[in-house]
Amino acid sequence: MVHRFTLTTPLYYVNDKPHIGSVYTTLAADAMARWRRLQGDRVCLITGCDEHGLKIQRSAAAAGVPTQDYVDRMAGHFAALWQRIGISHDRFVRTSAPRHQGLVHEFYERVRRNGHIRMGQQQGWYCVACEEFKDVDNEDGGTPRCAIHDRPLEWRDEENLFFCLSHFQEPVTRLVERESFIGPPSRRREVQRFVEAGLRDFSISRVDLPWGIPVPHQPGHTFYVWFDALLGYITALGSPDGPQDLTTALASGWPAQLHLIGKDILRFHAVYWPAMLLAADLPLPERVFGHGFLTREGRKMGKTLGNTLDPEALFAKVGVEPVRWYLLRDIQFGEDGDIQQKRFLDLVNNDLANTIGNLVNRTVSMSRRWFEGCVPPEGEEDAASHPLAPVATAATARVGRCFARQDLQGAAMATLGLAEAVNGHLSEQAPWSAIKDASRRDGVAAVLYGVLEATRLVGLCLQPLVPELSNRLLIQLGCEPLDSRHGLPPGAWERLVRWGGLPHGQPLPEASPLMARLELDGDL
RNA sequence: GGCUCGGUAGCUCAGCCGGUUAGAGCGUGGGAUUCAUAACCCCAAGGUCGGGAGUUCAAGUCUCCCCCGAGCCA
């Protein structure tokens, strides 16, 4: 049976060009999507852009271009970058698209009819950068500043529509208690406390903000960005050309199995969003996972600090796969992570070029030289009795368990561990000595067969993490590359990872380095 | 200011319900080897587990206070 697996990145706010944080989330989501596709699932990886709000309207004005042109350009940067680095998304949704507006209206009507919308007076200090009202003490009477953005707040006193979040105190409380709903576990309590403190209705419309989706029957009102942005996940599921309504979209992969987000927007996804869905009688996403933030050489990245890492420049300098490997393998997914140049070079060179690349190189060279350019026969004993067989089977199983709980680092380490075990086995067996004794030729064949086979499994496990490298590895062994963008039929993965899948006598192409060691002059 | 998470070898981190000499990878030093991308393999040094007090026969592991970092809410 085919399982659906819908997972999302955030819809990135197009206030600016993509930064390394968005790249990180997207790479992680891509790896997970590829993994699910290899397992035979029908995956829908959704990404896209969130394009409404005052901040964007002002950025466009500051740039002196019409707002739509501005967001078109910014969304273009995102789309181009994902294309360039081989992200395997199935949908790229933009909240300024007309079809999104229709869906937001339909959703809103549903919530309103269910009695969860009311009119209210919103009075208070507003932070344009947060796109939120702030509760502040303002005893001295001056203009308060946003604690997060350190910029002056703006006073607002307007009649807004409110979403009755308070109606959902009980179901949301129960939802966030569920262990599986919020990951990683260390983030769950924070949300629970927030909910326990009491859910308050929040305003979902703004006045005098032309850059937004108009609220039906409320002239002058547009929807609050978050209200419309979250619905982008559902819009994305509708077919771009077919009918544009909730029902159609919902039948195509809702609810999502996983929302992958940064830890800063956990509240929106784990509290507001489920309540909105409940208000519209729609099913809830299965899981929300908030990963950590990246720092660089121990410091927060920021424009003011001048230490941002421009993704375009980074990929141009070192290529995609080293960055993918480094971020996914060195950072415990969920925790914060620090990007360090020296460590980046050390890890990429050690893991990819040395441990794995060199392993492929040496095994292929030996087999070619001593066994007529082919995969050697397994020898007298059964292939499955090879000492590497249980090691490899355990490793592939562990990779699967790691992916199931979003442990990308664990999956990378399990894969790397297998490669290390194979290298160790080679040193122990020293086939280069044994081959000098003609009577031991069968033994050497058995050793090399096992080593090649285990290396093939390393290549398979590498696929979701570094697909290009994985395919180069498989090709080096004379095997078919995998297509993790389109996936495999159900059951195919189990067959592929079964020990002994490498055919004897399969011709091996001439060995060439899988990945050259990275040298870097200057900074990343 | 409140809430949540974290502060363990030079670096990144594992250490479940408290219990023998606190672990891994990277980095560093040494050795072995030659099939291979100066690579691979083996070994070693390195930590008063943020600070202080307490509970206990026994605390990195529990309690309290303080300091530092991050996120959320004010």
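These numbers were taken from a predicted model, which means no experiment stands behind them.
One interatomic measurement links the two molecules: CD of A:Glu335 to P of B:A70, which rounds to 15 Å at whole-angstrom precision. Atom CG of A:Leu416 is separated from atom C1' of B:C40 by 13 Å (rounded to the nearest Å). The distance between atom CH2 of A:Trp325 and atom C1' of B:G25, rounded to the nearest whole Å, is 12 Å. Atom CD1 in A:Ile331 sits roughly 18 Å away from atom P in B:C26 (whole-Å rounding). Across the protein-nucleic acid pair, A:Asn361 atom CG and B:A38 atom P stand 9 Å apart, rounded to whole Å. The nearest whole Å value for the distance from the CD atom in A:Gln429 to the P atom in B:U34 is 16 Å. For A:Asp351 and B:U37, the CG to C1' distance is 15 Å, given to the nearest whole Å. Residue A:Phe194 contributes atom CZ, which lies 18 Å from atom P of B:G71 at whole-angstrom precision.
Contact annotation for A:Arg369: backbone-only contact, meaning every heavy-atom pair under 4.0 Å involves sugar-phosphate atoms and none involves a base. Here A:Asn350 lies in heavy-atom contact (under 4.0 Å) with sugar-phosphate atoms only. Heavy atoms of A:Gly424 sit under 4.0 angstrom from primed sugar atoms or phosphate atoms, though from no base atom. The residue A:Arg343 sits close to a base: some heavy atom pair falls under 4.0 Å. Nucleic acid contact for A:Gln409: none, since no nucleic acid atom lies under 4.0 Å from a heavy atom of the residue. Using a 4.0 Å heavy-atom cutoff across all strands shown, A:Met515 reaches at least one base atom of the nucleic acid. Within 4.0 Å of A:Arg368, counting heavy atoms only, lies no atom of the nucleic acid at all. Residue-level contact check: A:Arg189 touches the backbone only, with heavy atoms under 4.0 Å from sugar-phosphate atoms and none from bases. Using a 4.0 Å heavy-atom cutoff across all strands shown, A:Leu426 reaches no nucleic acid atom at all.
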- request: Show the numbers, then the answer: is there a salt bridge (Lys or Arg N to Asp or Glu O under 4.0 Å) between A:Asp336 and A:Lys263?
  value: CA-CA 9 Å; A:Asp336 289 349; A:Lys263 62 181 178 178; 2.8 Å; yes
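Closest approach to the A:Arg200 side chain among B:U12, B:A74, B:A70 is made by B:A74 (side chain taken as heavy atoms from C-beta onward). Comparing B:G71, B:C40, B:U37 against the side chain of A:Asn354 picks out B:C40 as the nearest. In the set B:C35, B:C11, B:U37, the nucleotide with an atom closest to the side chain of A:Trp370 is B:C35. For A:Asp264, the side-chain atoms get nearest to B:G71 when compared with the rest of B:U34, B:G71, B:U37. Here B:C35 is the nucleotide among B:G27, B:U37, B:C35 with the atom lying nearest to any side-chain atom of A:Trp432. For A:Thr355, counting side-chain heavy atoms from C-beta on, the closest listed nucleotide (B:C40, B:U37, B:G25) is B:C40. Side-chain proximity of A:Lys263 to the nucleotides B:U37, B:A70, B:U34 is greatest for B:A70. Counting only heavy atoms from C-beta on, A:Asp336 has its side chain closest to B:A70 among B:C35, B:A70, B:C11. Ranking B:C35, B:G71, B:C26 by closeness to the A:Asp346 side chain, first place goes to B:C26. When each of B:U37, B:C5, B:C41 is scored by its nearest atom to the side-chain atoms of A:Ser427, the top-ranked nucleotide is B:C41.
Distance noted for atom P between B:A58 and B:U20: 14 Å (whole Å). Annotation: B:U55 and B:G19 have their C1' atoms spaced 16 Å apart (nearest Å). To the nearest whole angstrom, the two P atoms, one in B:U12 and one in B:G50, are 14 Å apart. If you take atom C1' in B:G30 and the same atom in B:U21, they sit 23 Å apart, rounded to whole Å. On the C1' atoms, B:C68 is 33 Å away from B:G29, given to the nearest whole Å. Using atom P as the reference point in both B:G6 and B:C13, the two lie 13 Å apart (nearest Å). With P as the reference atom, B:U4 and B:A59 are 27 Å apart, rounded to whole Å. Nucleotides B:A45 and B:G27 place their C1' atoms 13 Å apart, quoted to the nearest Å.
Judged by Watson-Crick or G-U wobble contacts below 3.5 Å, the nucleotide B:C5 has B:G69 as its partner. With a cut-off of 3.5 Å on both Watson-Crick or G-U wobble distances, the partner of B:C26 is given as B:G10. Pairing for B:U48 is absent, with no Watson-Crick or G-U wobble pair whose two atom distances lie under 3.5 Å. Nucleotide B:U55 is matched to nothing when pairs are restricted to Watson-Crick or G-U wobble geometry with both distances under 3.5 angstrom. Of the nucleotides present, none pairs with B:C17 by Watson-Crick or G-U wobble criteria with both distances under 3.5 Å. A 3.5 Å limit on both hydrogen-bonding distances identifies no Watson-Crick or G-U partner for B:G60. Using the Watson-Crick or G-U wobble rule with both distances under 3.5 Å, B:A38 pairs with nothing in any strand shown.
Ion pairing between A:Arg193 and A:Glu196 holds under the 4.0 Å rule for side-chain N and carboxylate O. Salt bridge status for A:Arg187 with A:Glu190: absent, with no side-chain N to carboxylate O gap under 4.0 Å. Ionic pairing of A:Arg299 and A:Asp338 is not present here: no N-O contact between side-chain nitrogen and carboxylate oxygen is shorter than 4.0 angstrom. Salt-bridge check for A:Arg369 with A:Glu510: failed, with every basic side-chain N at 4.0 Å or more from each acidic carboxylate O.
Aromatic ring pairs are classed by plane angle as parallel below 30°, tilted from 30° to 60° and perpendicular above 60°; the pair A:His167 and A:His116 is perpendicular.
Nucleotide B:G71 carries an anti base; the chi torsion (O4'-C1'-N9-C4 or O4'-C1'-N1-C2) is more than 90° from 0.
In terms of the salt bridge (Lys or Arg N to Asp or Glu O under 4.0 Å) criterion, residue partners of A:Arg472 (sequence neighbours excluded) are, by chain and number, A:Glu321.
Mapping A:Thr363 and A:Lys342 onto RNA chain B by nearest heavy atom places A:Lys342 at the nucleotide closer to the 5' end. Residues A:Leu514 and A:Gln332 each lie close to RNA chain B; by heavy-atom proximity, the contact nearer the 5' end of the strand is made by A:Gln332.
For a distance-only test at 3.5 Å, the side chain of A:Arg193 fails to qualify as a donor-acceptor partner of the base of B:C3.
More than 12 heavy atoms of other residues, nucleotides or ligands sit less than 6.0 Å from atom CZ of A:Arg296.
For the side-chain hydrogen bond (donor to acceptor under 3.5 Å, both in side chains) with A:Arg517, the qualifying choice from A:Asn354, A:Asn358, A:Asn350 is A:Asn354, the only one to do so.
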